[in-house]
Amino acid sequence: MAILPIIEAPNPFLRTLSKPLDKVTDETRALIANMFETMYAAPGIGLAAIQVGHPIRLLVIDLQEDVAENGEGEGDAPPARIKKPQVFINPEIILASEEVGVYNEGCLSVPEQYADVERPARVRVRWLDERGATHEEELGGLLATCLQHEMDHLEGILFIDHLSRMKRDMLLKKLSKLRKAA
Ligand code: GNR
Ligand code: NI
């Protein structure tokens, strides 16, 4: 396993249209394992293959939500997290709700920049998993937001593209300043 370098804006490679994956091979599964390792290390809740240099329609998500009951009297212990790694291959949105939700999004390819993005609140999605099995489910909440963010990456779209030109340019400018300072 390995932590892979994450490609950052404004690298034009992030604008590549990712290609469908026609076969899940051992090589694909090795990439998936590396993508999870990279995402957990970042840390992030999702990662598209294009962000680590592979323009294929593959993404991973793990919301790692807090355990509801973290035990009482545990003092300053950080909240426990439930790991739920999910792999989406060739995902397709079949139906999107009229209702929208707003989430303050970030992106590992636009580090340390956040902005509110409006997206359909629920989506019906079909995808393949790492064993090649088909799934179809209606998703909502943060999972729906994150999946749509990741699926945008497959089209070469970043969350900043959903903002006004002024806000987008401001975030990109802050990002370049941040880099110069580093
Ligand atoms: O880690 C991430 N957090 C996040 C928060 C709100 C909406 C989307 C995301 S995805 C992001 C990781 C990433 O850049 N995936 O492409
Ligand atoms: Ni992203």
Side-chain angles (χ1 to χ4, degrees), residues 2-21 28 31-66 78-79 81-93 96-97 99-123 125 127 130 137 139-164 167-172 174-176 178-179:
I3 293 173
L4 309 171
I6 295 174
I7 297 168
E8 295 181 357
N11 188 325
F13 187 76
L14 291 171
R15 299 314 190 168
T16 312
L17 177 67
S18 291
K19 291 212 156 55
L21 199 57
T28 316
L31 172 60
I32 290 168
N34 288 337
M35 284 173 63
F36 276 115
E37 191 176 358
T38 303
M39 182 187 79
Y40 291 134
I45 59 170
L47 188 70
I50 184 80
Q51 294 178 276
V52 289
H54 298 264
I56 55 176
R57 303 185 81 82
L58 158 68
L59 60 95
V60 301
I61 293 178
D62 191 334
L63 303 180
Q64 295 188 76
E65 288 174 304
D66 291 5
R81 299 273 167 160
I82 308 175
K83 269 216 167 92
K84 193 184 174 196
Q86 288 183 278
V87 177
F88 296 81
I89 295 169
N90 302 340
E92 289 176 75
I93 292 182
S97 65
E99 190 196 333
V100 294
V102 179
Y103 200 88
N104 194 246
E105 297 195 15
C107 182
L108 296 174
S109 296
V110 191
E112 294 173 58
Q113 310 306 316
Y114 301 87
D116 283 351
V117 176
E118 206 176 83
R119 300 181 187 274
R122 290 176 310 280
V123 285
V125 187
W127 73 95
E130 66 278 20
E137 258 183 69
L139 309 174
L142 180 55
L143 183 54
T145 295
C146 186
L147 184 72
Q148 291 175 80
H149 172 117
E150 302 312 334
M151 286 183 68
D152 269 357
H153 278 300
L154 309 185
E155 309 302 322
I157 296 169
L158 301 173
F159 83 96
I160 54 173
D161 299 336
H162 293 279
L163 311 175
S164 67
K167 270 195 187 169
R168 177 169 55 252
D169 289 350
M170 199 177 69
L171 289 195
L172 288 171
K174 280 205 285 177
L175 185 60
S176 88
L178 201 81
R179 282 212 188 92

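What you are looking at is a predicted structure, and each value in this text was computed from that prediction instead of being measured. Numbering of ligands and ligand atoms starts at 1, following listing order.
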Do [X] and [Y] have side chains that get closer than 4.5 Å, going by heavy atoms?
| X | Y | result |
| --- | --- | --- |
| S97 | V123 | no |
| L147 | I61 | yes |
| Y103 | D116 | no |
| V125 | E137 | no |

Geometry only, no angles: is [X] polar-contacting ligand 1 at N/O separations under 3.5 Å?
| X | answer |
| --- | --- |
| S109 | no |
| Q51 | yes |
| N104 | no |
| E150 | yes |

Distance in Å, [X] [atom1] paired with [Y] [atom2], rounded so as to fall on 0.5 Å steps:
| X | Y | atom1 | atom2 | result |
| --- | --- | --- | --- | --- |
| K19 | I50 | NZ | CD1 | 10.0 Å |
| D152 | L59 | CG | CG | 11.0 Å |
| D62 | I45 | CG | CD1 | 9.5 Å |

Give the residue, atom name and distance (to 0.1 Å) of the protein heavy atom nearest [atom].
| atom | result |
| --- | --- |
| atom 14 (O) of ligand 1 | L108 N, 2.8 Å |
| atom 7 (C) of ligand 1 | E105 CG, 3.4 Å |
| atom 8 (C) of ligand 1 | H149 ND1, 3.5 Å |
| atom 2 (C) of ligand 1 | I45 CG1, 3.6 Å |
| atom 9 (C) of ligand 1 | G106 O, 3.5 Å |
| atom 13 (C) of ligand 1 | G46 O, 3.4 Å |

- prompt: Side-chain donor-acceptor pair under 3.5 Å between Q51 and S109, yes or no?
  reply: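 Yes.
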Numbered atoms of ligand 1 (with element) below 4.0 Å of [X], judged on heavy atoms:
| X | answer |
| --- | --- |
| G44 | 1 (O) |
| C107 | 14 (O) |
| H153 | 16 (O) |
| Y103 | 6 (C) |

- prompt: Between F36 and K83, is there a cation-pi geometry (under 6.0 Å to ring centre, at most 45° from the normal)?
  reply: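 No, a cation-pi geometry is absent between K83 and F36.
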task: Would you mind telling me which of Q148, Q113, H149 makes a side-chain hydrogen bond (donor to acceptor under 3.5 Å, both in side chains) with E105?
output: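 Passing option: H149.
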query: Under 4.0 Å between a Lys/Arg side-chain N and an Asp/Glu carboxylate O for E112 and K174?
result: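 No, no charged N to carboxylate O under 4.0 Å.
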task: Please determine if E99 and R122 form a salt bridge, counting it only when a charged side-chain N lies under 4.0 Å from a carboxylate O.
output: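 Between R122 and E99 there is a salt bridge, with a charged N closer than 4.0 Å to a carboxylate O.
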query: Are any side-chain N or O atoms of R57 and backbone N or O atoms of I89, one a donor and one an acceptor, separated by less than 3.5 Å?
result: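 Absent.
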field: Environment of the Ni ion (ligand 2) in terms of protein N/O/S atoms, cut-off under 2.8 Å
entry: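 Protein N, O or S atoms closer than 2.8 Å to the Ni ion (ligand 2): C107 SG, H149 NE2, H153 NE2.
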